[in-house]
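These notes concern the structure reproduced below.
Protein chains get the first letters and strands the later ones, always in sequence-line order, with residue 1 at the start of each. These figures come from a predicted structure and were not determined experimentally.
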Protein chains: 2
Amino acid sequence: MEAAKPSLDLVRSVTDEHVLRALMRHRRLTRAELAQETGISKPTAGESVRRLTERGLLVDTGERTPGGRGKGRVGSYYALSGSTGTALAVAIAPEGVVAEVVDVYGSTVARTRREISRPARPADVARALQEAVATAAGDAESGAGRPRLAVVSAADPVDRATGRLVQLPDAPFLVGELDPVAVLGAHVDGPVTVDNDVNWAARAERDHADGGELRDFAYLYLGEGLGCAVVSDGVVRRGHGGLAGEIAYLLTAGADGRAVRFIDVFAELGLRRAGSSGIHTDRLLAALRSPGAAATLREALSGVLAAVVALADPGCVVLGGSWGPALLDDAAEPTPGEALSLDGRMPWAVPVRAARMRDDPAFAGARADAVTRLRAAIVAPA
Amino acid sequence: MEAAKPSLDLVRSVTDEHVLRALMRHRRLTRAELAQETGISKPTAGESVRRLTERGLLVDTGERTPGGRGKGRVGSYYALSGSTGTALAVAIAPEGVVAEVVDVYGSTVARTRREISRPARPADVARALQEAVATAAGDAESGAGRPRLAVVSAADPVDRATGRLVQLPDAPFLVGELDPVAVLGAHVDGPVTVDNDVNWAARAERDHADGGELRDFAYLYLGEGLGCAVVSDGVVRRGHGGLAGEIAYLLTAGADGRAVRFIDVFAELGLRRAGSSGIHTDRLLAALRSPGAAATLREALSGVLAAVVALADPGCVVLGGSWGPALLDDAAEPTPGEALSLDGRMPWAVPVRAARMRDDPAFAGARADAVTRLRAAIVAPA
DNA sequence: CCTTCCAGGCAAGGGCCCTGTCTAGAATCG
DNA sequence: CGATTCTAGACAGGGCCCTTGCCTGGAAGG
């Protein structure tokens, strides 16, 4: 509703969009099915099919049978043509790189994974990224051409304006000067979207919830690194530079009650890795069995939670990462968040629960967004 | 672009909207001017005027002269009719209540202010609100009928779902069970929108900036109460319950380096009012001249700033309230934020500046929103 | 008084969508 | 095996909305 002034082909474009979206949901439809599915009249749907076929977006699949039960005339099935293209979804993590080519239906066209041996050095990560992307894009290119766009998840802070990874002190992973936009741009025709893995995981968690109930929540990632995604009004809010959620620097209560940065709590407990500056998760999980260390960690996390709740007022806090959910498993499941009460710090209660998406949620979020963006790219220039 | 399926009158509605919006900007236009202004053709503009006049939204003003220089045929001026109505903008603060009736052009139709003697008790506030609203609405009603909607700013946390004021411990103003939606609903035909004064001030500050440059920023209100508005992607984000920005409960560094809540820092310095639980601003401004207290306050505020920056990544932090800007006046203006450096707590720098809107910014924000909503209400049911 | 100039009305045309009807062809039934 | 039944698709008619182009009427200026 912005600069749509002299509109009459606007109405045609919305018709075409409905037809395209219906075929994204159903893969193949006859013109009559299309009319019923979209609510558009039969002649109009037929005309839209004619236009879109002419533009090369739709093809007659050649399949003619209208289904088993049909008694009447055969119909022609139409489907999106191959020229609708594919999208590339990539996840960069210290354990390895995943690159997947997806089509408009959300199906996987090609997939590659490159492991990285620990500790992950910047050059190793860059090489793994290059190889994984080249392999996946190459495998898919023979079939469906170059991907039209790319969506990248990176286990590092991402500059919102440029998409480059940002190097912050005390951050666990050293990806150096990696520029995913430049690397992916060589394999993709369109835009490259880059964001933090925690933000992608939060989007996956949001989409996983039923009926859009998760419109305002915080996703705390507690693993080798510390991160937080803030979802407000249904959208991950990245802030001015894309660095929103860098909770490592939040002031919280340390072991002796002094105000220390969250990340420093782990140093004081001897839970930071020697080589990198990440958190030694194995040692941390072991330390959780000692009441003293567990209490210190819970106290520190409680201060962080209070800050998140005070500033963002989430309706719920989701804990993810390798050891975040472990803080909850101890508590009785029926009373989630009991073990992480805010200790009377905050005057209102907020439920805390473990993340439901556990299998590479960052990649899942990026992959889903790649499909969404691909669909939008097909519809938009209509 | 949502459920606009069977659209052809959609295009007519957008035409009418363009005509209405043009007349909101220019107050009166002939049909020819309307056509030129909107880019629509002359017959179409004329037809839209006919429809809108028939619906009672437009009137022929009777003015006929097409302007001084015109040599040709006289044109008829059309304008929005009186039935487009008015909106009510209200600001509730402990010092008093302001109620203003505005029209679609943003002009003031009626205005009332009721002072409240300190200390403001809940009953005083409720009475002042009743009186101010009744007077303003009554004054305007004779001319333009009942206002169509109301927008309310309240110097208290506001529940997002119900619009009721929320009572939090350690909050300065005691408005009890005040329910602005119920009070205003008696004087208004349409919806009543209620939000926190800090959020409204932040919106005013955003609109005051040139060219939408303030898309991601934080507005820290430091007065008798402590508040914060977080603007992400150009919109104030209220959180799940509307309580985002309650920074009084944030953990920060106290005088002795211990982790204390922000509000407790003022108690330790003896800067909280006896009767209410607000901050004694006069005493605080005096205390700022003592290096020790000033350093303590800056240290505490620095911890709060770090939390805001870490979680929201604002492109800039704006300080408002009665003593917030005073923290900056001491520093050299050319290097804003120097006196409030993050002390190396955060790895990236964020500029800090004083609020530019100083004259009741909360009311200004609510008033502007009332005009916007009134215009939308006129256009929407088109 | 005539010319100039502009607001507004009128006519024609094109685009888009809808309802309603007809046709063709295949499966099913008697 | 032919008649019936059912459905996909084509076609005609009509309504709505916008646009271009032309005409008219009346006021200001020479």
Pair A:R373-A:V151, side-chain contact (heavy atoms from CB on, under 4.5 Å): steps then yes or no: CA-CA 9 Å; A:R373 285 177 187 270; A:V151 177; 3.8 Å; yes

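- One finds a side-chain N or O of A:T15 lying less than 4.0 angstrom from the OP1 or OP2 phosphate oxygen of C:dC17.
- When distances are taken from the side chain of B:V11 to each of D:dC18, D:dG9, D:dT19, the shortest belongs to D:dC18.
- With rounding to whole Å, A:R12 atom CZ is found 8 Å from C:dC17 atom P.
- Checked by atom type, the side-chain pair B:S48/B:R12 shows no donor-acceptor distance below 3.5 Å.
- The nucleotide whose nearest atom lies closest to any side-chain atom of B:R73 is, among D:dG21, D:dT24, D:dC17, D:dT24.
- Counting to the nearest Å, the C1' atom of C:dG8 and the CZ atom of B:R50 are 15 Å from each other.
- Side-chain atoms of B:R31 lie closest to C:dG9 of the nucleotides C:dG9, D:dG9, D:dT19.
- One interatomic measurement links the two molecules: CG of A:D9 to C1' of D:dT19, which rounds to 13 Å at whole-angstrom precision.
- With D:dT19, D:dC18, D:dG9 as the choices, the nucleotide that has an atom nearest any side-chain atom of B:S41 turns out to be D:dT19.
- Among C:dC18, D:dT19, C:dG8, the nucleotide with an atom closest to any side-chain atom of B:T30 is C:dG8.
- Going from atom CD of B:Q36 over to atom P of D:dT20 covers 14 Å, rounded to whole Å.
- As rounded to whole Å, 17 Å separates atom P of C:dG14 from atom CD of A:E47.
- Regarding contacts with the backbone of C:dC18, a side-chain N or O of A:T44 is found under 4.0 angstrom from either OP1 or OP2.
- Heavy-atom distances to DNA chain D give each of B:R51 and B:K42 a nearest nucleotide, and the one nearer the 5′ end belongs to B:R51.
- In this structure, the OH atom of B:Y78 is 7 Å from the P atom of C:dG8, given to the nearest Å.
- B:E100 contributes no side-chain N or O that, together with a main-chain N or O of B:A110, makes up a donor-acceptor pair within less than 3.5 Å.
- Each end of the helix from C:dC1-D:dG30 to C:dG30-D:dC1 yields a helix axis from five base pairs, and these two axes differ in direction by 20° (to the nearest 10 degrees).
- Under the 6.0 Å distance and 45° angle rule, A:R27 counts as a cation-pi partner of A:Y105.
- Summarising the geometry, the separation between CD1 on A:I40 and P on C:dC18 is reported as 7 Å, rounded to the nearest angstrom.
- One can place CG of A:D60 at 13 Å from C1' of D:dG9, the figure rounded to the nearest angstrom.
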Candidate pair B:R203 and B:D369, rule salt bridge (charged side-chain N to carboxylate O under 4.0 Å, His left out), full reasoning: CA-CA 9 Å; B:R203 293 187 183 96; B:D369 192 57; 5.9 Å; no

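- In this structure, B:R111 satisfies the cation-pi test against B:F363, with its NZ or CZ atom closer than 6.0 Å to the six-membered ring centre and inside 45 degrees of the ring normal.
- A:Y78 does not carry A:R50 over the face of its six-membered ring by the limits of under 6.0 Å from the centre and within 45° of the normal.
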